[in-house]
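In what follows, a structure is listed as structure tokens, so that the remarks can point back to it.
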Amino acid sequence: MKQTECAAAGCCQEPQVDVVRQSLSSELFPKCQRVITKERRNRTMSAKPFKVLITHPEVPQSGIDILKENCELIQVQSLPPSRAEILEKIKGVDGVFWGGHSPLNAEILDAAGPQLKSISTMSAGIDYVDVEELKRRKIPLGHTPTVLNTAVADLAVGLLIAAGRRFHEGRKKIDSNNWENYHLNWLLGQDVRDSVVGFFGFGGIGQAIAKRLSGFDIDQVLYTTRRRIDRETEKELNAKKVEFDELLAKSDFVVIASPLTPATKGIFNTTAFNKMKRNAVLVNIARGPIVNQDDLYEALKSNRIFAAGLDVVDPEPLPPNNKLLTLDNLVILPHIGSATTRTRSDMATIAAHNVLRGLVGERMLSPAY
């Protein structure tokens, strides 16, 4: 099973966070040192055996510190990172710390040269990477899933409550000085208590969300994935695997936590929204294109579903004149699911380990394949 499918099914092993805060493990360190020593002998013009490009000027120091001891670092300085600068600076490097979300494809690999031997992104999703091209060239690729589960799950719960309890609409009432609290039914929202929460995709992030929601006394978790998760986790989370149509029909809250694939692109469309409860709240913390946004607009505008909360949209950035932004019953965030200081530092640490391990021929801490 492919990594993205495995993540959606919830069967991937999570790398230990305490490991990523260490330098090289005791098992790996001797081999690293042998390889590094050999490379130093071969490179008489440089004291450091490997040359690594960091493609973003704001990569956390935790990742840079891991690499700088044994790598000559070249860092892109433009912000947002200029592709022209990346293509110029990547020439001749041994490794790449890919710090953004611009396309990582044959153009980049050709510019780097045949000596390139290790790449890691600083992200969980890799839909912007031409994975098949990297595989064809036998270049190992790392990424940083699981370590961001906690931050994304926290934000998802926030979005779920914000959309269900009409936070955005309430703030607009304040801005317009339109308080109508003399009505007993003013700004009534949806209860999380005793609700059914459905997950489209139920990997590490989905399960972390469900674990948090258990503290809100929800009634049941439903999930749709390619494969059933383990029975012990199902019991712990009071979760049941169902088909997509049943998930839509029975859920009070629907959380999208799946990877973007040809099969999931646009799957939340008019057909899907028409199968949902009228009081249902949709939350998307996965990828924007999984939702047909024109259809979502119509479903929200017509009150076919109650509300939605999005941390991801298509395109990103979303134009300020986009019609979604006119809706009272939609909460939109600018893709900040993993945006906490600790999480970004841990992501940089894992990505740096991935690059370094790839350089010395060891299995990456978090390989994409």
Side-chain angles (χ1 to χ4, degrees), residues 20 46 48-145 147-148 260 287 312 315-317 334-341 343-360 364-369:
V20 307
S46 174
K48 296 183 178 180
F50 302 113
K51 185 183 293 186
V52 172
L53 175 67
I54 299 174
T55 68
H56 200 287
E58 295 179 344
V59 166
Q61 192 65 37
S62 57
I64 292 173
D65 287 344
I66 289 169
L67 291 170
K68 70 181 182 181
E69 182 177 352
N70 293 301
C71 300
E72 175 188 345
L73 300 184
I74 304 166
Q75 193 160 11
V76 169
Q77 298 301 321
S78 52
L79 192 64
S82 160
R83 193 161 184 88
E85 184 181 359
I86 293 173
L87 290 169
E88 178 61 32
K89 290 186 173 180
I90 202 171
K91 296 175 182 177
V93 302
D94 303 294
V96 176
F97 185 121
W98 196 259
H101 292 84
S102 61
L104 176 48
N105 54 21
E107 179 187 33
I108 293 293
L109 303 179
D110 288 342
Q115 79 296 324
L116 181 62
K117 62 183 73 170
S118 180
I119 302 176
S120 181
T121 69
M122 200 182 91
S123 64
I126 52 173
D127 46 283
Y128 55 89
V129 180
D130 188 341
V131 173
E132 293 307 313
E133 183 64 23
L134 267 72
K135 286 181 177 179
R136 187 182 70 79
R137 302 188 190 213
K138 297 182 172 56
I139 300 173
L141 174 69
H143 64 152
T144 60
V147 72
L148 49 70
L260 174 62
R287 284 291 184 265
V312 290
E316 293 181 3
H335 203 159
I336 56 172
S338 65
T340 71
T341 301
T343 300
R344 289 289 167 85
S345 178
D346 286 347
M347 292 168 71
T349 299
I350 291 176
H353 274 294
N354 285 339
V355 171
L356 196 55
R357 291 183 180 208
L359 288 172
V360 300
M364 290 181 170
L365 181 67
S366 183
Y369 46 77

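Below, each value reflects all heavy atoms present in this structure, side chains not excepted, and no hydrogens, waters or symmetry copies.
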So which heavy atom on [X] is nearest to which on [Y], and how close?
| X | Y | value |
| --- | --- | --- |
| Ala352 | Gly63 | CB-O, 3.4 Å |
| Ser366 | Asn354 | N-OD1, 2.9 Å |
| Ser102 | Tyr128 | O-CD1, 3.4 Å |

Open item on the list: Would the distance check show the side chain of His143 and the main-chain N or O of Ala124 forming a donor-acceptor pair, the cut-off being under 3.5 Å?
Closed with: yes

Open item on the list: Please check: side-chain N/O of Asp94 versus main-chain N/O of Lys117, any donor-acceptor pairing under 3.5 Å?
Closed with: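 Not at all, since once roles are kept as given, no pair shorter than 3.5 Å links the two residues.
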
Nearest 0.5 angstrom please: [X] [atom1] to [Y] [atom2], how far?
| X | Y | atom1 | atom2 | answer |
| --- | --- | --- | --- | --- |
| Leu109 | Leu134 | CG | CG | 5.0 Å |
| Arg83 | Ser78 | CZ | OG | 12.0 Å |
| Thr55 | Leu87 | OG1 | CG | 11.0 Å |
| Leu148 | Met122 | CG | CE | 10.0 Å |
| Ile64 | Gln75 | CD1 | CD | 4.5 Å |
| Glu72 | Leu53 | CD | CG | 11.0 Å |

Is there a side-chain contact between [X] and [Y] (heavy atoms, below 4.5 Å)?
| X | Y | answer |
| --- | --- | --- |
| Arg357 | Pro140 | no |
| Ser62 | Thr349 | yes |
| Met364 | Ser118 | yes |
| Val360 | Phe50 | yes |
| Lys89 | Gln77 | yes |
| Thr144 | Ser338 | no |
| Val96 | Ile108 | no |
| Trp98 | Ile86 | yes |

Open item on the list: Restricting to side-chain hydrogen bond (donor to acceptor under 3.5 Å, both in side chains), what partner residues turn up for Asp65, sequence neighbours left out?
Closed with: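 Testing Asp65 for side-chain hydrogen bond (donor to acceptor under 3.5 Å, both in side chains), a comparison that skips the adjacent residues, returns Gln61, Lys68.
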
Open item on the list: Just to verify, which of Val52, Ile119, Ile74 counts as forming a side chain to side chain contact (heavy atoms under 4.5 Å, CB included) with Val93?
Closed with: Ile74

Task: Worked verdict on Val355 versus Cys71 for side-chain contact (heavy atoms from CB on, under 4.5 Å) - done: CA-CA 10 Å; Val355 171; Cys71 300; over 6 Å; no

Task: side-chain contact (heavy atoms from CB on, under 4.5 Å) involving Arg136 - partner list, sequence neighbours excluded - done: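 For Arg136, the residues satisfying side-chain contact (heavy atoms from CB on, under 4.5 Å) (neighbours in sequence not counted) are Glu133.
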
Open item on the list: Under the rule for salt bridge (Lys or Arg N to Asp or Glu O under 4.0 Å), what residues qualify as partners of Arg287, not counting sequence neighbours?
Closed with: Asp127

